[in-house]
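The block underneath contains the structure these notes are about, expressed in structure tokens.
First listed ligand is number 1; within each ligand, the first listed atom is number 1.
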Amino acid sequence: MKLISRSESDTFEIGRKIGAALSGGEKLLLIGDLGAGKTVMARGIAKGAGSNDEVSSPTYVIEKIYRGRIQIRHIDLYRIEKREIYSLDLDALENASDAIMIEWGDKLPISYRKDSIEVKIDFNENENDRLIEIVGDDECKIKF
Ligand SMILES: Nc1ncnc2c1ncn2[C@@H]1O[C@H](COP(=O)(O)OP(=O)(O)O)[C@@H](O)[C@H]1O
Ligand SMILES: [Mg+2]
């Protein structure tokens, strides 16, 4: 599915709809360059999943956990180097009841990207425009 966002609040709203469709156990890879809007999207997703917790990138901690209708785990791989990825406990990411959202999820080894929902955010011509592509969401049936 391809969508256009024209503002930060559009992206938040798209995230909110994704979050509302989650039932737990989903792995969302948030993919896009610095400043694309991954954290804005994560904020919307957490809100849609019923969390009022403050969402910010877990830059100096490995992950943050938000409590809502379901529990959401937020990871940001921006500062991690490729070789360090293998020292993360990646299998622990696969906790069945939590939904997990991973900024820079495209840094994960391919074997850990399978069965995930990819949310790709790309810059577009205008400063505040973004192209958002959601791939692999057949299971959770997000309604827009
Ligand atoms: N359409 C848009 N969607 C999301 N963010 C936008 C948009 N237009 C402008 N912005 C701005 O871009 C920045 C995105 O920041 P952030 O979500 O932290 O990016 P990332 O986590 O991808 O590095 C914010 O300052 C936000 O206000
Ligand atoms: Mg971010």
Is there a donor-acceptor contact under 3.5 Å linking the side chains of K38 and S57? no
Please list, in number order, the atoms of ligand 1 under 4.0 Å from a heavy atom of [X].
| X | result |
| --- | --- |
| D33 | 22 (O) |
| E103 | 21 (O) |
| V40 | 17 (O) |

Using 2.8 Å as the threshold, say whether any N, O or S atom from T39 sits that close to the Mg ion (ligand 2). yes
Tell me the protein heavy atom at minimum distance from [atom], and give that distance in Å.
| atom | value |
| --- | --- |
| atom 27 (O) of ligand 1 | E8 OE1, 2.4 Å |
| atom 10 (N) of ligand 1 | R130 NH2, 3.4 Å |
| atom 18 (O) of ligand 1 | T39 CB, 3.7 Å |

Please determine whether side-chain contact (heavy atoms from CB on, under 4.5 Å) holds for the pair K27 and I102, giving the CA-CA distance in whole Å, both sets of side-chain angles, and the decisive distance to 0.1 Å. CA-CA 8 Å; K27 183 166 54 181; I102 308 174; 4.3 Å; yes
I'd like to know if the side chain of [X] reaches the main chain of [Y], judged simply by a donor and an acceptor atom lying under 3.5 Å from each other, with no hydrogens or angles considered.
| X | Y | answer |
| --- | --- | --- |
| D53 | R67 | yes |
| E26 | G24 | yes |
| R6 | N126 | no |
| D76 | Y78 | yes |

For N/O/S atoms only: which one belongs to E103 and is nearest the Mg ion (ligand 2)?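 Of the nitrogen, oxygen and sulfur atoms in E103, the Mg ion (ligand 2) lies nearest to OE1.
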Find the distance between CD1 (I132) and CD1 (I14) and round it off to the nearest 0.5 Å. 4.0 Å
Roughly how far, to the nearest 0.5 Å, is the CG atom of D137 from the CD1 atom of I117?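 Separation between the atoms: 6.0 Å.
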Record the part of T11 in heavy-atom contact with ligand 1 below 4.0 Å; permitted values are side chain, backbone, both and neither. side chain
With backbone taken as N, CA, C and O and side chain as the heavy atoms from C-beta onward, which portion of A42 lies under 4.0 Å from ligand 1: side chain, backbone, both, or neither?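 Within the 4.0 Å criterion, A42 makes no contact with ligand 1.
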Touching ligand 1 at all, L34? Heavy atoms, strictly under 4.0 Å?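 Under 4.0 Å: yes for L34.
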Is D129 in contact with ligand 1, taking contact as a heavy-atom separation below 4.0 Å? no
How far apart are the C-alpha atoms of R113 and I31, what are their side-chain angles, what is the distance that settles it, and do they pass the side-chain contact (heavy atoms from CB on, under 4.5 Å) test? CA-CA 12 Å; R113 295 177 59 179; I31 300 170; 4.0 Å; yes
Going by the closest heavy atom to atom 2 (C) of ligand 1, which one wins out of G37, G35, S7? S7
Would you mind finding which of V55, I14, L131, N128 brings a heavy atom closest to atom 8 (N) of ligand 1?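 Minimum heavy-atom distance to atom 8 (N) of ligand 1 goes to N128.
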Check this for me - ligand 1, E127, N or O atoms closer than 3.5 angstrom, yes or no?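 No: no nitrogen or oxygen of E127 is under 3.5 Å from one in ligand 1.
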Name of the residue among R43, K64, E103 meeting side-chain hydrogen bond (donor to acceptor under 3.5 Å, both in side chains) with H74: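 The passing option is E103.
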Heavy-atom distance from atom 22 (O) of ligand 1 to the protein below 4.0 Å? yes
